[in-house]
Amino acid sequence: MNYIDWLGFVGVFQILLAYFLNVTKKVSTNSLVFILLNLVGASFACLASILLNYLPFVVLEGIWTLVSLYSLLNYYKII
């Protein structure tokens with residue numbers, strides 16, 4: 001595995017971890033942990049998709065990153 005694979009793997013793992021923690025009721029969708037896991041995970045997965053030049057996942061993960069960023073800004077009442 002190269003660094004792009006690892007970057008994507010870590011990103012997807014973080015997104016899935018956030019989902020697992022939410023489904024098992026360890027964190028809520030409004031918690032900072034959930035928001036940050038999604039934000040960092042989607043950012044890593046998006047970057048890996050950019051480096052792989054795979055546009056469908058660039059769009060998916062890019063939008064996921066923006067939604068997570070919106071949630072973070074909303075969490076801190078910036079917007």
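The basis for the numbers below is simple: all heavy atoms, side chains too, and nothing from hydrogens, waters or symmetry mates.
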Heavy-atom donor-acceptor pair, N38 side chain to F34 backbone, under 3.5 Å: yes
Any chance you could measure I63, atom CD1, to Y70, atom OH, to the nearest 0.5 Å? 15.5 Å
Would you be so kind as to tabulate the donor-acceptor pairs closer than 3.5 Å made by side chains of residues 17-27, with sequence neighbours excluded?
residue, atom, partner, partner atom, Å
N22, ND2, V27, O, 3.2
T24, OG1, F20, O, 2.8
T24, OG1, L21, O, 3.4

Evaluate the side chain to side chain contact (heavy atoms under 4.5 Å, CB included) criterion for residues I50 and E61: first the C-alpha distance (whole Å), next the side-chain angles of each, then the deciding distance (0.1 Å), finally the verdict. CA-CA 10 Å; I50 290 169; E61 299 301 341; over 6 Å; no
Inspect the surroundings of CG in N2 and state if more than 12 heavy atoms from other residues, nucleotides or ligands are less than 6.0 Å away. yes
Any residue meeting ring-ring contact (aromatic ring centres under 6.0 Å, His included) with F9, in chain and number order, not counting sequence neighbours: W6
With rounding to the nearest 0.5 Å, note down the distance linking CG in L60 to OG in S49. 8.0 Å
Under 4.5 Å between side-chain heavy atoms, hopping through other hydrophobics if needed: is there a path connecting I35 to I78? yes
Rounded to the nearest 0.5 Å, what's the gap from CG on L39 to CG on L32? Could you check? 10.0 Å
CE-CG distance between M1 and L7, expressed to the nearest 0.5 angstrom: 10.5 Å
OG of S68 to CG of N74, rounded to nearest 0.5 Å, is 12.5 Å
Is there any ring-ring contact (aromatic ring centres under 6.0 Å, His included) pair reaching into residues 44-68, and which pairs are they, with sequence neighbours excluded? Y54-F57
Do Y75 and N30 touch side chain to side chain, with heavy atoms closer than 4.5 Å? no
Treat each ILVMFWY residue as a node, draw an edge where side-chain heavy atoms are under 4.5 Å apart, and state whether Y3 and V10 are in one component. yes
Donor-acceptor pair, distance only, cut-off 3.5 Å: does the side chain of Q14 make one with the backbone of G41? yes
